[in-house]
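A short worksheet on the structure shown next.
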Amino acid sequence: MKHAPLTLAIGLAIGFAATLPAMAQDAGQANAPTTEAKKKQQEATQLTEVTVSARRREESLEKVPVAVSAFSEEDMKDLQATSIDGLQGAVPNMNIVQGRGSSSSVNIFIRGIGQPDALQTFDPGVGMYVDDVYYSRIQGALISLFDVDHVEVLRGPQGTLYGKNSTGGAVKVVTKNPGSTPEGSVEATFGNYGRREGRFYGSTPLGKDGAWSASLAGAITRNDGYVHDYSGHDFNNDDTKSIRGKLRFHPSDTFDGVLTLDYTKMDTALTLGQPVSRLTRTDLVLGTVTLLRPNLDEKYNFHTRTSFPPNDGQELTHKGVALNMNWKLSDQWNLKSITAYRKLDSESYIDIDASQFELGDVFVGFHQKQASQELQLAFDNGSNVQSVFGAYFLRENVPSTQYAFADDLFAVAGRTVPFLRTIGDDLTTKSWAGFAHVNWEFVPSWTLAAGIRYSRESKDYDRTTSTFWGAPLAALNETVPLSRNKDWTAWTPTVSLQKQFDPQTMWYVSASRGFKSGGFNGRANSAAEAKTAEFDPEYVWTFETGLKLRSADNRLQANLAAFHSNYKDFQARVSEIQNPGSLTPTFAFPVINAAKLKMDGFEAEGVALVGEGTRLSTQIGYLKAKYDRFDDARLDPSNPQYNPTIHDHVPFSPKWTARVAATQTFNLAGGALTVGADASYRTETWLSVDNYAALSQKAYTLVGAFGIFDSGDGHWQFRAGVRNATNKVYKTDGQEFSSVGNIRTAYYGMPRNYYASVRYNF
């Protein structure tokens with residue numbers, strides 16, 4: 001009974017969903033499902049107002065002085081997104097893709113700021129939140145959107161109200177809460193690459209007084225994989241089971257509490273890329289380097305090789321409990337508490353070199369636990385002053401075990417030498433913060449907002465690295481200990497001034513600071529590296545101005561923003577290719593506070609309703625990201641490894657990102673037929689801090705299309721679509737480990753894929 005808890009939960013869900021039609025019938029015709037057909041017909045004639053909680057309180061998107069993009073459940077479906085990386089292309093100056101070599105991690109950069117390394121000692125640069133609960137690791141953050149209500153993407157540092165590791169911005173996923181009306185749905189999807197998915201959602205009040213309500217949602221998503229080896233095995237697949245249950249207590253207008261439990265299980269094959277550089281083996285006696293010959297097709301054909309047996313894959317279990325409570329203390333004061341505990345267990349084999357050779361074959365197992373508590377006290381005088389005061393605490397513990405196998409990396413007089421490195425480490429992080437933010441309309445139509453946050457973060461890190469060589473090099477075996485602890489503190493203010501020219505036009509200017517604490521290099525393997533394993537915090541100041549517009553007839557909307565960022569002490573993980581004057585690889589991956597950067601750019605988002613039933617939208621981003629300074633010895637002409645172009649480009653920061661989309665809704669058989677298409681474009685993107693042409697992706701465009709029919713009674717929805725319709729081959733992420741066997745590996749987006757789904761709403 002390996003999946004007994006999930007099997008039981010799904011069984012209960014089926015029984016729960018089966019009761020919904022009867023409940024809905026008992027509730028009367030007034031509680032019949034809101035017809036999606038009518039909703040789409042209404043949205044084809046007028047834009048609806050979007051409400052966001054970017055400043056920890058509900059506001060109209062067009063009244064908040066923050067660059068924020070918002071997507072409803074139906075918006076995400078029109079993006080054909082099943083997980084959070086489906087936002088790629090839909091948010092200006094944002095890069096969000098599945099993380100390298102992992103089926104469960106996500107790589108997010110906003111305006112040139114992020115962190116692609118999934119190792120637990122590196123913190124993300126963009127905060128991920130689900131129902132206001134912070135997710136500390138990018139591992140396990142490739143969130144399935146099976147019960148999403150809406151998603152918000154906040155661009156720019158969110159250091160005052162969100163704090164921890166939100167220097168680039170924040171992604172907020174809000175899931176559905178149970179309500180007072182019974183509702184539910186079941187959905188099935190089938191597509192190529194063996195895609196099959198099942199989803200359900202059910203919500204119902206409990207008891208006659210309506211004080212209690214509950215919901216249950218779940219999904220099973222599978223596909224057979226789109227990468228194949230030459231032995232007929234499939235990789236880069238999906239096999240995910242997720243469930244979320246909520247119990248809500250809402251006895252009056254003065255209290256609302258929601259208890260949430262969620263569970264996700266992933267069990268997939270390897271996630272493989274393609275080597276894009278010749279791999280090497282070093283003979284320590286002959287002093288020669290042998291070029292190994294992996295699969296290096298000029299055009300990637302989604303075939304590769306691996307040295308791992310087929311049964312070595314990637315498993316992840318992610319679960320948590322959260323209690324969100326709101327008290328209305330008076331007409332002016334409101335208290336909110338967010339209490340959460342999460343547990344993440346992962347065991348993954350990763351073929352870093354993506355070849356038949358054993359050069360960068362690793363196992364990473366870690367067991368993360370985090371507990372957090374946040375309190376928010378909000379004030380609203382009903383007129384010109386709103387404020388929020390808060391306190392936050394998080395404790396995270398991440399022990400891990402790692403094995404690195406490299407039996408093909410070294411030779412002695414022509415014969416390979418077995419090599420094994422084992423790592424055991426343990427990282428404990430404690431984070432405390434207090435914050436305040438005040439919004440004051442000091443004269444009619446002019447509003448000043450200011451806030452500040454104080455953060456203190458402490459980290460304790462213990463690590464033991466053991467290296468084992470086979471004969472005749474057993475004398476080189478060694479064990480290197482590393483033990484560090486340190487505290488960091490920071491003040492992160494924000495200030496904005498906005499002018500409401502008329503009900504449809506708002507202008508703002510703002511300044512905000514972001515902070516990401518320092519840490520310890522989890523790749524420090526030698527005694528020399530251990531001495532310099534510590535790195536300092538990162539900081540960013542962003543200055544922004546924006547304009548938000550809506551036409552009086554609610555048929556046109558545009559949000560514009562321009563920004564300048566000063567980003568310093570960038571935590572860069574770089575490679576040292578070899579010891580000067582030696583052919584021996586260094587195995588060194590130093591993390592240094594290497595750089596100062598400047599980012600300048602602008603962003604535009606617009607929607608237009610044209611004629612009857614035609615909706616046009618666009619998102620455009622321009623980003624000029626450049627280093628003012630990069631402290632790397634390889635930029636010194638006297639260095640044997642001199643490379644003047646190694647840091648010419650900031651990673652994951654294309655100069656242009658753009659998307660255009662169009663939908664047309666028709667009345668058909670009492671229902672609504674909607675057809676749509678979109679095209680997203682991005683210019684050249686570099687996929688690693690160390691710039692190598694093989695780890696860059698030239699400009700490309702992706703095209704998608706879909707069709708939806710919603711029945712007039714609101715019960716049935718039929719959908720079909722295609723993504724990457726032109727079958728574009730493009731890179732999304734890269735591994736840069738050139739200090740070990742010249743490893744450089746690229747990962748690719750999914751080729752053309754299509755699907756059809758049917759949903760029944762109760």
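What you see is a predicted model, and the numbers here were worked out from it, not measured in a lab. Heavy-atom basis, side chains included; hydrogens, waters and symmetry copies ignored.
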Under 3.5 Å, is there a donor-acceptor pair between the Gln120 and Gln368 side chains?
no
All heavy atoms of Ala371 vs all of Tyr341, minimum pair found to be CB-CD1, 4.1 Å
Quick check for you: to the nearest 0.5 Å, what is the distance between Asn237 atom CG and Thr221 atom OG1?
10.0 Å
Taking the six-membered ring for Trp, are Phe419 and Trp469 closer than 6.0 Å centroid to centroid?
yes
Check for a donor-acceptor pair, side chain of His318 on one end and backbone N or O of Gly140 on the other, with a separation under 3.5 Å.
yes
Taking all atoms of both residues into account, what is the closest heavy-atom pair of Leu359 and Leu292, and its distance?
CD1-CD1, 3.9 Å
Side chain to side chain, Asp636 and Ser638, heavy atoms closer than 4.5 Å
yes
Working for side-chain hydrogen bond (donor to acceptor under 3.5 Å, both in side chains), residues Ser738 and Glu736
CA-CA 6 Å; Ser738 53; Glu736 200 291 298; 2.5 Å; yes
Asp229 and Gly232: which non-hydrogen atoms are nearest, and at how many Å?
OD1-N, 3.0 Å
From CA spacing to verdict: side-chain hydrogen bond (donor to acceptor under 3.5 Å, both in side chains), Asn753, Tyr193
CA-CA 8 Å; Asn753 58 101; Tyr193 296 105; over 6 Å; no
Can you tell me how far the CG atom of Asp351 sits from the OG1 atom of Thr271, to the nearest 0.5 Å?
11.0 Å
Going through the checks in order, is the ring pair (Phe, Tyr, Trp, His ring centres under 6.0 Å) test met by His228 and Phe235?
CA-CA 6 Å; His228 322 279; Phe235 301 91; 8.7 Å; no
Pair Ser696, Glu684 - check side-chain contact (heavy atoms from CB on, under 4.5 Å), show working.
CA-CA 7 Å; Ser696 69; Glu684 184 174 34; 3.7 Å; yes
Report yes if the side chains of Val106 and Ile96 come closer than 4.5 Å at any heavy-atom pair, otherwise no.
yes
Distance-only side-chain donor-acceptor flag, Ser348 / Gln314, under 3.5 Å:
no
Would you please say whether a donor-acceptor pair under 3.5 Å links the side chains of Gln98 and Thr732?
no
Classify the side-chain pair Ser483/Asp462 by whether it contains a donor and acceptor separated by less than 3.5 Å.
yes
Is it true that Asp733 and Asn107 share a donor-acceptor pair across their side chains at a distance under 3.5 Å?
yes
Distance (rounded to the nearest 0.5 Å) between Lys265 NZ and Leu316 CG:
8.0 Å
Under 3.5 Å, side chain of Asn593 to main-chain N/O of Phe535, donor-acceptor pair present?
no
Walk me through whether Asn691 and His649 qualify under side-chain hydrogen bond (donor to acceptor under 3.5 Å, both in side chains).
CA-CA 7 Å; Asn691 296 161; His649 306 279; 5.0 Å; no
Would you confirm whether Thr645, through its side chain, and Asp648, through its main-chain N or O, come within 3.5 Å as a donor-acceptor pair?
no
Over 60° means perpendicular and under 30° means parallel, so tell me whether Tyr349 and Phe363 are parallel, tilted or perpendicular.
tilted
Would you say Arg342 and Asp262 make side-chain contact, with heavy atoms under 4.5 Å?
yes
Whether the side chain of Ser231 engages the backbone of His233 through a donor-acceptor N/O pair (distance < 3.5 Å, no angle test) should be reported.
no
Over all atoms of both residues, closest heavy-atom pair of Phe122 and Gly522:
CZ-N, 4.5 Å
Less than 4.5 Å apart, any side-chain heavy atom of Thr464 and any of Val480?
no
Could you check whether any side-chain N or O of Thr167 sits under 3.5 Å from a backbone N or O of Gly125, counting only pairs where one atom can act as donor and the other as acceptor?
yes
Is the shortest side-chain heavy-atom distance between Ile423 and Arg463 below 4.5 Å?
yes
Exercise: do Asp426 and Asn397 side chains pair donor with acceptor under 3.5 Å:
yes
Atom CG of Asp238 and atom OG1 of Thr82: how far apart are they, to the nearest 0.5 Å?
7.5 Å
Look only at the side chain of His647 and the backbone of Val689, and say whether a donor-acceptor pair between them is shorter than 3.5 Å.
yes
Spell out, as yes or no, whether a donor-acceptor pair under 3.5 Å connects the side chain of Asp239 to the backbone of Met266.
no
Sidechain-backbone polar pair: Asp569 side chain, Glu538 backbone, donor-acceptor under 3.5 Å:
no
Starting at CG of Leu702, measure out to CE of Met750 and round the result to the nearest 0.5 Å.
13.0 Å
NZ on Lys728 to OH on Tyr700, rounded to 0.5 Å:
9.5 Å
Side-chain (Asn165) to main-chain (Gly127) donor-acceptor, under 3.5 angstrom
no
Can Lys459 and Asp487 be counted as an ion pair, charged N to O under 4.0 angstrom?
no
Under 3.5 Å, is there a donor-acceptor pair between the Ser277 and Asn742 side chains?
no
Could you check if a side-chain atom of Pro310 sits within less than 4.5 angstrom of a side-chain atom of Asp312, using non-hydrogen atoms only?
no
Looking only at the side chains, is there a donor atom on one of Asp85 and Ser83 sitting less than 3.5 Å from an acceptor on the other?
yes
Salt bridge check, Arg196 against Asp224: does any charged N sit closer than 4.0 Å to a carboxylate O?
yes
Distance under 6.0 Å and angle within 45° of ring axis: Arg421 vs Phe468
no
For the residue pair Ala219 and Phe146, what are the closest heavy atoms and their distance?
CB-CB, 3.5 Å
Checking Ser307 against Asp361: is there a side-chain donor and acceptor pair closer than 3.5 Å?
yes
Side-chain donor-acceptor contact under 3.5 Å, Ser136 with Gln370
yes
Taking it one step at a time, do Gln356 and Thr306 satisfy side-chain hydrogen bond (donor to acceptor under 3.5 Å, both in side chains)?
CA-CA 4 Å; Gln356 68 272 35; Thr306 180; over 6 Å; no
Is it true that Glu396 and Lys430 make a salt bridge, defined as a side-chain N closer than 4.0 Å to a carboxylate O?
no
Between Tyr748 and Tyr300, how do the two ring planes meet: parallel, tilted or perpendicular, split at 30° and 60°?
parallel
Between Asp123 and Gln571, a side-chain donor and acceptor under 3.5 Å:
no
Just so I know, are the side chains of Met128 and Ile138 near enough to count as touching, which here means a heavy-atom distance under 4.5 Å?
no
Search all heavy atoms of Leu635 against all heavy atoms of Tyr642 and return the closest pair with its distance.
O-CE1, 3.5 Å
May I have the step-by-step check of salt bridge (charged side-chain N to carboxylate O under 4.0 Å, His left out) for Asp267 and Arg222, ending in yes or no?
CA-CA 10 Å; Asp267 188 355; Arg222 290 177 176 165; over 6 Å; no
Between Val362 and Tyr403, is there a side-chain heavy-atom distance shorter than 4.5 Å?
no
Give a yes/no verdict on a cation-pi contact between Arg281 and Phe410, requiring under 6.0 Å between NZ or CZ and the six-membered ring centre and an angle within 45° of the axis.
no
Is a side-chain N or O of Thr317 found less than 3.5 angstrom from the main chain of Asp345, in a donor-acceptor match?
no
